[in-house]
Amino acid sequence: YNDMAAGITWRDFPDFAYNSRDFFYKTFNRNPGVWPMAKNKPIFHGECFYASGIAPAEYSALGGDKCFAGLAEAKNAKGLYGKILTEGWRWDEMAAWHMWLGYESDILFTAMKPVCVLSREWNWTFGSASEVKRTLKVFNNTSKNDPIEARWILSVDGKTISEDKKEFSLPPGEAKQFEITLKMPSVEKRSSGEFILACSRNGTEVFREVKNISIINTDASPK
């Protein structure tokens, strides 16, 4: 169960998930005599993220104080942790992994889509009129090389602020990283919005994820 490796804490995530390959290449295991992972061979994480083996209260780092109430209240936090690991390990080119968890939360499964566009950043509260950079990555984990159209849409209070798209021709098993800049609208009070990521292939949408965002007037906030 080496997703939470020795010396790694909740505070190290999500960044550790995106930079864990070099760590796991080092000889590490709770038991002596286990083979180290070889740099010239794919990494397959066996039996990682034993969801029931983590006390509900520990998930409060991701899900807040309600996790102290028990398993049912920690359900979404479990899904979020699984999503962080899945997106980070895909980004870091892990070959495969086997998680010990059941139907924890819908939020986990978008990270497993064979064709998708993922965001490297996990902060979703922004200042009024600010410019926000997002690092995106398009994945083609299929046997087909049909072009993939990636789209992103920013909407606030139900109104579309900006949208754009880009087409990628990726060989099977390959991915492409790129950056975008989002211009947040000016707001007087806290406003809610959505950042939507989607992928289409041959005119059919094959991936969609909606990320909730908040925009605040930093000049009006307590210092």
Side-chain angles (χ1 to χ4, degrees), residues 13-15 17-19 62 76 79-80 82-94 105-221:
F13 288 92
D15 290 332
Y18 290 81
N19 300 290
L62 293 173
N76 284 340
L80 179 56
K83 181 177 174 66
I84 287 172
L85 292 178
T86 299
E87 292 197 14
W89 288 348
R90 287 186 76 174
W91 200 287
D92 202 27
E93 299 182 350
M94 299 288 186
S105 171
D106 285 342
I107 65 174
L108 169 61
F109 298 113
T110 55
M112 297 179 174
K113 295 288 187 179
V115 173
C116 62
V117 54
L118 305 178
S119 172
R120 171 63 179 83
E121 294 81 14
W122 288 77
N123 60 312
W124 299 106
T125 300
F126 310 116
S128 172
S130 62
E131 287 193 349
V132 177
K133 294 187 181 297
R134 299 284 96 170
T135 306
L136 306 181
K137 197 170 189 178
V138 178
F139 292 81
N140 177 22
N141 290 123
T142 73
S143 60
K144 299 179 175 63
N145 58 7
D146 299 345
I148 299 170
E149 182 185 89
R151 297 178 62 231
W152 51 96
I153 303 169
L154 173 66
S155 66
V156 178
D157 293 333
K159 298 179 180 179
T160 299
I161 304 300
S162 63
E163 61 179 310
D164 206 347
K165 61 184 179 181
K166 190 173 184 180
E167 187 170 281
F168 297 85
S169 295
L170 296 174
E174 294 298 320
K176 181 67 174 180
Q177 181 175 313
F178 63 104
E179 291 187 353
I180 64 171
T181 300
L182 302 171
K183 176 68 174 180
M184 296 296 135
S186 298
V187 298
E188 294 299 322
K189 60 181 181 180
R190 188 183 188 95
S191 300
S192 298
E194 294 179 339
F195 179 56
I196 302 171
L197 293 168
C199 285
S200 297
R201 211 173 207 179
N202 299 320
T204 301
E205 186 172 281
V206 295
F207 172 83
R208 172 173 285 254
E209 182 171 20
V210 179
K211 297 181 181 291
N212 296 320
I213 68 170
S214 295
I215 305 174
I216 59 175
N217 183 346
T218 54
D219 293 331
S221 301

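Residue indices begin at 1 and follow the sequence shown.
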Got a list of side-chain donor-acceptor pairs under 3.5 Å for residues 130-137, not counting sequence neighbours?
residue: Ser130; atom: OG; partner: Gly127; partner atom: O; Å: 2.6
residue: Lys133; atom: NZ; partner: Thr181; partner atom: OG1; Å: 3.3
residue: Arg134; atom: NH1; partner: Asn123; partner atom: O; Å: 3.0
residue: Arg134; atom: NH2; partner: Asn123; partner atom: OD1; Å: 2.9
residue: Thr135; atom: OG1; partner: Glu121; partner atom: OE2; Å: 2.9
residue: Lys137; atom: NZ; partner: Trp91; partner atom: O; Å: 3.0

Could you give the side-chain donor-acceptor pairs of residues 142-166 under 3.5 Å, partners two or more places apart or in another chain?
residue: Thr142; atom: OG1; partner: Asn140; partner atom: OD1; Å: 2.6
residue: Thr142; atom: OG1; partner: Lys144; partner atom: N; Å: 3.2
residue: Thr142; atom: OG1; partner: Lys144; partner atom: O; Å: 3.4
residue: Thr142; atom: OG1; partner: Arg201; partner atom: NH1; Å: 3.1
residue: Asp146; atom: OD2; partner: Asn202; partner atom: ND2; Å: 3.1
residue: Arg151; atom: NH2; partner: Glu163; partner atom: OE1; Å: 3.3

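Remark: Glu194 engages no residue in a salt bridge (charged side-chain N to carboxylate O under 4.0 Å, His left out) (not counting sequence neighbours).
Across Val117 and Leu197, no two heavy atoms sit closer than the pair O-CD1, 3.7 Å. Minimum heavy-atom separation, Asn212 to Trp124: O-CB, 3.5 Å. Of all non-hydrogen atoms in Glu205 and Ala198, the two that sit nearest each other are OE1-CB, 3.9 Å. When all heavy atoms of Cys116 and Cys199 are compared, the pair lying nearest together is C-SG, 3.5 Å.
Between Glu209 and Lys211 there is a salt bridge, since a side-chain N of the basic residue sits under 4.0 Å from a carboxylate O of the acidic one. The pair Lys83-Asp106 does not meet the salt-bridge criterion, since no charged nitrogen lies less than 4.0 angstrom from a carboxylate oxygen.
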Handout entry: Residues Met184, Leu182; criterion side-chain contact (heavy atoms from CB on, under 4.5 Å); working and verdict
Key = CA-CA 6 Å; Met184 296 296 135; Leu182 302 171; 3.8 Å; yes

Exercise for the section: Might you work through the side-chain contact (heavy atoms from CB on, under 4.5 Å) test for Trp122 and Ile84, ending with a clear yes or no? Expected result: CA-CA 9 Å; Trp122 288 77; Ile84 287 172; 3.5 Å; yes

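Interatomic distance, Ile216 CD1 to Phe126 CZ, rounded to the nearest 0.5 Å: 11.0 Å. Tyr18 OH to Leu85 CG: the interatomic distance, rounded to the nearest 0.5 Å, is 10.0 Å. For the atom pair CG of Leu108 and CG of Asn76, the computed distance is 11.0 Å after rounding to the nearest 0.5 Å.
Within a 6.0 Å radius of CD in Glu188, no more than 12 heavy atoms belonging to other residues, nucleotides or ligands are found.
Residues Phe207 and Thr110 are in side-chain contact: their nearest non-hydrogen atoms beyond the backbone lie under 4.5 Å apart.
For the pair Lys176 (side chain) and Phe139 (backbone), a donor-acceptor distance under 3.5 Å is absent.
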